[in-house]
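Worksheet for the structure shown next.
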Protein chains: 2
Amino acid sequence: METQKGLETFRAALCRRHLAVTSQRMKIARAVLEAQDHFTADALLARLKADGARVGRVTVYRTLKVLLEAGLVEERAFDKGRVAYERALGRSHHDHMICVTCRRVIEFESARIEREQRRQAQACGFEVLTHQHTLFGHCRGCRAKRGNGSKA
Amino acid sequence: METQKGLETFRAALCRRHLAVTSQRMKIARAVLEAQDHFTADALLARLKADGARVGRVTVYRTLKVLLEAGLVEERAFDKGRVAYERALGRSHHDHMICVTCRRVIEFESARIEREQRRQAQACGFEVLTHQHTLFGHCRGCRAKRGNGSKA
DNA sequence: AGAATTTATGAAACTAACTTTCAATCATGG
DNA sequence: CCATGATTGAAAGTTAGTTTCATAAATTCT
């Protein structure tokens, strides 16, 4: 499974930063690498606790930072005031559409957009590390339910 | 000036919502419509207070919400945990590159990206209301200063 | 005009999402 | 088995934003 590769990368990241491989850190990393969708730090903590792990909020945040810098998770700003995390390993880069009604998240990918984005950055002498591209609107389902007929 | 047109739109928005045109609301709207760059709600409040206006935080937030729904300002999620606002009137839509070192904000515009984005949304039956496209990285200046030579 | 009713305002209290602090715990080497 | 240093997490602090509610201002009624 991909998780194993991720855990190795995580170990290496800890090593590079002279941090010990502890059971808490490994548990958090494993939970993150196995996550199937977006999650908040607090949701992650809750899940770990529900699974009987003895970890604190602080350690979760600290470990997420390491995972982030190792490129194993990415941060998203879907809702204001809170950060959503998303596993980055084993998934191609993608962007998001958020339904403002039902909060559903639809992923999309466009090589054309990525290419044009790279061109734009290059023109400004800007080196892109990460990016976020999010569309907010109404998903098909919510449009069907109402507000669809007249205004498009 | 564009500000006048914005104030008219704001008045109309207040009217539509059966809200009175008060001096506080007008002062806030004027400050927003005259803002040249991105600002946070608290920074706006501080500026108004510095200018001698007697307004409270609550009224600022409430008024920003009206301005937002009237399309006169847009929200941005540049830094996590805080919302930046940006005047929307009299400016064409644009996206941003944020230098993670110096926090400089560079604006860019790409019809090609907008078009492709619309295509992607359409393919999913998604109706786009707003979007945000932000690149995080190193600006030309910060690249020149260091970390440029070897790694690209 | 003055009373009654409605609406707006903002200080203070609250909340949510983190972050910082620090005493206790744990691991490792000697 | 003790000393040293890293790790942990509870509790306190911080920040951005929201809710509550008493007061103030405006509007309507008579």
Side-chain angles (χ1 to χ4, degrees), chain A residues 10-11 13-32 38-69 73-86 100 103, chain B residues 10-11 13-32 38-70 73-86 103:
Chain A
F10 179 61
R11 264 173 217 278
L14 288 177
C15 185
R16 195 170 336 113
R17 299 162 136 255
H18 308 291
L19 295 173
V21 175
T22 65
S23 74
Q24 283 93 333
R25 284 176 182 156
M26 291 313 280
K27 270 178 200 153
I28 295 166
R30 179 178 297 275
V32 166
H38 313 92
F39 55 91
T40 62
D42 269 7
L44 174 62
L45 174 65
R47 230 193 72 199
L48 283 161
K49 283 199 165 163
D51 289 359
R54 300 247 305 86
V55 292
R57 202 200 346 273
V58 190
T59 306
V60 166
Y61 278 106
R62 277 191 293 234
T63 307
L64 277 171
K65 198 182 281 184
V66 177
L67 288 161
L68 194 65
E69 286 171 20
V73 266
E74 287 181 7
E75 288 183 339
R76 306 287 177 190
F78 293 156
D79 292 300
K80 62 177 164 184
R82 68 161 39 148
V83 176
Y85 294 88
E86 178 175 2
V100 298
R103 284 281 132 193
Chain B
F10 178 60
R11 264 175 217 277
L14 287 177
C15 186
R16 195 168 339 113
R17 299 164 133 256
H18 308 292
L19 295 173
V21 175
T22 65
S23 76
Q24 282 93 334
R25 285 176 180 154
M26 290 315 278
K27 270 179 201 153
I28 295 166
R30 180 177 297 276
V32 166
H38 312 93
F39 55 91
T40 62
D42 269 6
L44 173 62
L45 174 64
R47 231 194 69 200
L48 283 161
K49 282 198 166 162
D51 290 359
R54 300 246 306 88
V55 293
R57 203 202 346 275
V58 189
T59 305
V60 167
Y61 278 107
R62 276 191 293 233
T63 306
L64 277 172
K65 197 181 281 185
V66 176
L67 288 162
L68 195 64
E69 287 171 17
V73 267
E74 287 182 8
E75 288 184 339
R76 306 289 178 189
F78 293 156
D79 292 300
K80 63 178 164 182
R82 67 159 41 147
V83 175
Y85 294 88
E86 177 176 3
R103 285 280 131 193

Would you list the atom pairs, donor with acceptor, under 3.5 Å between side chains in residues 20-31 of chain A and any protein atom, with sequence neighbours excluded?
from: A:Thr22; atom 1: OG1; to: A:Arg25; atom 2: N; distance (Å): 3.2
from: A:Arg25; atom 1: NH1; to: A:Ala20; atom 2: O; distance (Å): 2.9

Self-check item: Closest listed nucleotide, where the reference is the side chain of B:Gln24 and the choices are C:dT9, D:dT18, C:dA16
Solution: C:dT9
Quiz item: OP1, OP2 of C:dT9 versus side-chain N and O of B:Thr22: anything below 4.0 Å?
Solution: yes
Practice problem: In whole angstrom, give the distance that lies between atom CG of A:Leu45 and atom P of D:dT8. | Solution: 14 Å
Practice problem: Report the nucleotide, chosen from D:dT8, C:dT21, C:dA8, that has the shortest atom-to-atom distance to any side-chain atom of A:Val58. | Solution: C:dT21
Practice problem: State which of C:dG10, C:dA8, D:dT8 makes the closest approach to the side chain of A:Thr59. | Solution: D:dT8
Quiz item: Of all heavy-atom pairs between B:His38 and B:Phe78, which one has the smallest distance, and what is that distance?
Solution: CD2-CE1, 3.6 Å
Quiz item: In whole angstroms, how far is the C1' atom of D:dT18 from the CG atom of B:Asp42?
Solution: 13 Å
Quiz item: What heavy-atom pair brings B:Val60 and B:Ala41 nearest, and what distance separates the two atoms?
Solution: CG1-O, 4.0 Å
Exercise. Applying side-chain hydrogen bond (donor to acceptor under 3.5 Å, both in side chains), name anything that partners B:Glu74, two or more places apart in sequence or on another chain.
Key: B:Arg76
Practice problem: Using whole Å, report how far NE2 of B:His18 lies from P of C:dA8. | Solution: 11 Å
Self-check item: Of A:Arg25 and A:Lys80, the one whose closest DNA chain D nucleotide lies more 5'
Solution: A:Arg25
Self-check item: Reference residue B:Lys80; test side chain to side chain contact (heavy atoms under 4.5 Å, CB included); the match among A:Lys80, A:Arg82, A:Glu75
Solution: A:Glu75
Quiz item: Which sits closer to the 5' end of DNA chain C, A:Lys65 or A:Arg82, going by the nucleotide each is nearest to?
Solution: A:Arg82
Self-check item: Protein-nucleotide distance (B:Leu68, atom CG; D:dT18, atom P), rounded to Å
Solution: 11 Å
Self-check item: Touch class at under 4.0 angstrom, heavy-atom based, for B:Arg62 against every strand present
Solution: base
Exercise. Assign A:Arg57 to base, sugar-phosphate, or nothing according to its heavy-atom contacts below 4.0 angstrom with the strands shown.
Key: base
Quiz item: Once you round it to whole Å, what is the distance between C1' of D:dG9 and CG of A:Leu48?
Solution: 14 Å
Quiz prompt | Separation of atom NZ in A:Lys49 from atom P in D:dG9, rounded to whole Å | solution = 8 Å
Quiz prompt | Residue-phosphate contact under 4.0 Å: B:Tyr61 side-chain N/O, D:dG17 OP1/OP2 | solution = yes
Quiz item: B:Leu19 has an atom CG; how far is it from atom P of C:dT7, in whole Å?
Solution: 10 Å
Quiz prompt | Length of the CZ-P vector between A:Phe39 and C:dC18, whole Å | solution = 12 Å
